[in-house]
Structure formats: structure tokens, C-alpha cells
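Note that this is a predicted model, so its numbers are computed, not measured.
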Amino acid sequence: MWQAPPAPVSREWLPVLDMPAPGPQNRWTVLLRALLLIPQFVVVWVLSVVAFLVTVVGWFGALVLGRLPGFVADYLTVFIPYDTRVTAYMMLTVDRYPPFRFEVPDYPVQVGLRPGELNRLAVLFRIVLVIPAAIVQGLAYAGWWTVSFVLWLVVLVLGRMPQPLYEATTAILRYRMRFISYLVMVSSAYPKRLFGDEPGSEPAGPASATRPLVLGGGGRGLLVLFLILGLASSATGSVTASVNSDDDNDDEGSHPAQHVVAPLVPGPADRARDSGRIGEDARES
């Protein structure tokens, strides 16, 4: 009896994030998390400036070579894990302070990257192609920060991050890492699987708590909530900025229609400002 040939196996390789399951956290480090991260924010900002300049050089190089130049790939493949470790600590998923080093094989947060061949056409239009992923990443990230004070209180009181919250937070963290990897051309795979992987998707079995990243009902529900909150926050910010702009124009006697839209992707300065909300809200309470 004739049988259809097996479906071809996709060779696309997505950047991976390995993290341990949520465990107990020191309440003192949770309480002072924003203050503890100030030195890291300075370092990440400097590294981000260098990463931007290197990426510009890499874009021209990728158009010619069909891949990133060696020195560009080398820098970006250590910058992205460093940035991810700091973000993971900031988002309360781990309790161990990220070291000021590029190579940290014993740290709980590990990122797997494989720079390789790139489609020159996709490189040429990278900034356009990445817009949908930027919107998704920006909404999820902004939604998490909208309720960050509540999340911080939960972890502070319980001394650990609940499993559904851990799943939703690591899903955002992984998608953000994949988004950055695609944006800077370290990965040719478009960022995907915000809502996690299918059970048993790792042929050799689970490698960590986030590989495969399988979200339960609670984790998926929180992720949807973060996206909705991010959308509401973005819409509110845009309307407020537009109204303020119109008011300024009225004071000056002019009435041009202007619309101000906030950036989709928070940068290092925005991230430092957002993390400061935790400490400010705690002092006010």
C-alpha cells in the first residue's frame, strides 16, 4: 500500500534559553533588587551602545558576505546572553546576581546562539520585517512592567515566584532574547513561540525548566493579561502624548494635528527607569 513520504524536518534553529525551575529567593535581595541592579544598568547601557555600532557594521558586512563578520558575531553572541542574564535577574526569575563577565558557564541563565548564513534580502529589509515581532515583544514587556509592583510584592511575600508567573515571565524573556537575536542578525530564525513549546518537543528529553518551555493554563492566562495591559498602556500613553501635544500647540496659537507614539521596544534607559518603579512604589507605600 502506498504511503505518503514523511514531512521534511525543519532545519530552522531558534535561539534557546536554559533556566532552572523557580526556587526560593532571598527576600532582602528581592526588596533591594532595583538598587542592586544600578551598576549593571550602567554596564548594559555601555555594551548596548557598542552593540548598536557593531550591528551597523555587521549589517553592511552581512549584505556582502551573506553572514556576520567574525568580530561582529563574536561580540553579539556574548552581549545577548549578558543582557538576558541582567533582564532575568531584574524580572525576578533568578536570585543569583549576574556577574560582570561575558563567560559564566555556571550561571543559572544560559543562552544558546548559532550565528550562520543569512538571507541577504532578509538582511536588507530587516528593520521592516522585525516590526510585527517588535510590537508583540513591546506589548508583552510593557504589560509585565505595568503590574511589576504587584509581581514584586508577590515574590517578596512568598519568597519565590509562583509557577504560572514564572512561566509567563520566562516566555517574555525568551521571546525578547529571540527578538534581539533576529534584529542584530545573530539568528536567521524569526522570533516565535511566545506561548511556549509543545510537550515533548525536545527529542532528547527536557534540557531545563525552559527547554522545552511548556506553559500551563495559568501561565498562558497571565501572558494574555500582560499583552492586554501592554496594549492598554500603549494606547493610553499615545492618547496622553497626543493631547499634551495639542495643548502645547494651542498655547502657541497653532493647531497642527500631531500624534506621538512611544517606542515599541524599551531601551536600556527605559528599562532602568521602569525597574525604578518598584523601589519608588515601595517607598510610597
Of the non-hydrogen atoms in [X] and [Y], which two are nearest, and what is the gap between them?
X: Met19; Y: Thr93; answer: CE-OG1, 3.3 Å
X: Arg160; Y: Pro22; answer: NH2-O, 3.0 Å
X: Thr55; Y: Met185; answer: O-CE, 3.7 Å
X: Ala62; Y: Pro69; answer: N-CD, 4.4 Å
X: Ala209; Y: Ala21; answer: CB-N, 3.4 Å
X: Leu129; Y: Tyr190; answer: O-OH, 2.7 Å

Is [Y] close to [X] at the side-chain level, that is, under 4.5 Å between some pair of heavy atoms?
X: Leu32; Y: Leu35; value: yes
X: Leu14; Y: Arg193; value: yes
X: Val147; Y: Phe226; value: yes
X: Pro15; Y: Val186; value: no
X: Val54; Y: Val50; value: yes
X: Asp197; Y: Arg174; value: yes
X: Leu229; Y: Ser233; value: no
X: Tyr89; Y: Val109; value: no

Within 6.0 Å of CZ in Phe52, more than 12 heavy atoms from elsewhere:
no
Do [X] and [Y] share a hydrophobic cluster (ILVMFWY, side-chain heavy atoms under 4.5 Å, transitive)?
X: Val154; Y: Leu173; value: no
X: Val128; Y: Leu183; value: yes
X: Ile127; Y: Val123; value: yes
X: Leu156; Y: Leu37; value: yes
X: Leu47; Y: Leu68; value: yes

Approximate separation, where rounding is to 0.5 Å, of [X] [atom1] and [Y] [atom2]:
X: Thr170; Y: Met91; atom1: OG1; atom2: CE; value: 9.0 Å
X: Gln137; Y: Tyr175; atom1: CD; atom2: OH; value: 8.0 Å
X: Leu76; Y: Phe71; atom1: CG; atom2: CZ; value: 9.5 Å
X: Leu65; Y: Arg67; atom1: CG; atom2: CZ; value: 5.0 Å
X: Lys192; Y: Leu194; atom1: NZ; atom2: CG; value: 13.0 Å
X: Phe41; Y: Ile38; atom1: CZ; atom2: CD1; value: 8.0 Å

Quick one: do [X] and [Y] make a salt bridge, cutoff under 4.0 Å?
X: Arg33; Y: Asp95; value: yes
X: Arg96; Y: Asp106; value: yes
X: Asp83; Y: Arg176; value: yes

Between Tyr75 and Phe79, what is the ring plane arrangement, given parallel below 30°, perpendicular above 60°, and tilted in between?
parallel
Cationic tip of Arg126 within the cone over Tyr182's six-membered ring, i.e. under 6.0 Å and within 45° of the normal?
yes
With side chain to side chain donor-acceptor pair (under 3.5 Å) as the rule and sequence neighbours excluded, what pairs involving residues 109-120 come up?
none
N/O donor-acceptor pair under 3.5 Å between Ser187 side chain and Ser181 backbone
no
Taking only residues two or more places apart in sequence or in another chain, which ones pass side chain to side chain donor-acceptor pair (under 3.5 Å) with Thr169?
Trp144
Would you tell me whether Tyr82 and Gln40 have side-chain atoms, one donor and one acceptor, within less than 3.5 Å of each other?
yes
Checking Leu113 against Val16 for the side-chain contact (heavy atoms from CB on, under 4.5 Å) test, could you report, in this order, the C-alpha distance in whole Å, the side-chain angles of both residues, the deciding distance, and whether it holds?
CA-CA 7 Å; Leu113 300 169; Val16 299; over 6 Å; no
Under the side-chain contact (heavy atoms from CB on, under 4.5 Å) test, residues paired with Phe195 that sit two or more places apart
Arg220, Leu223, Val224, Leu227
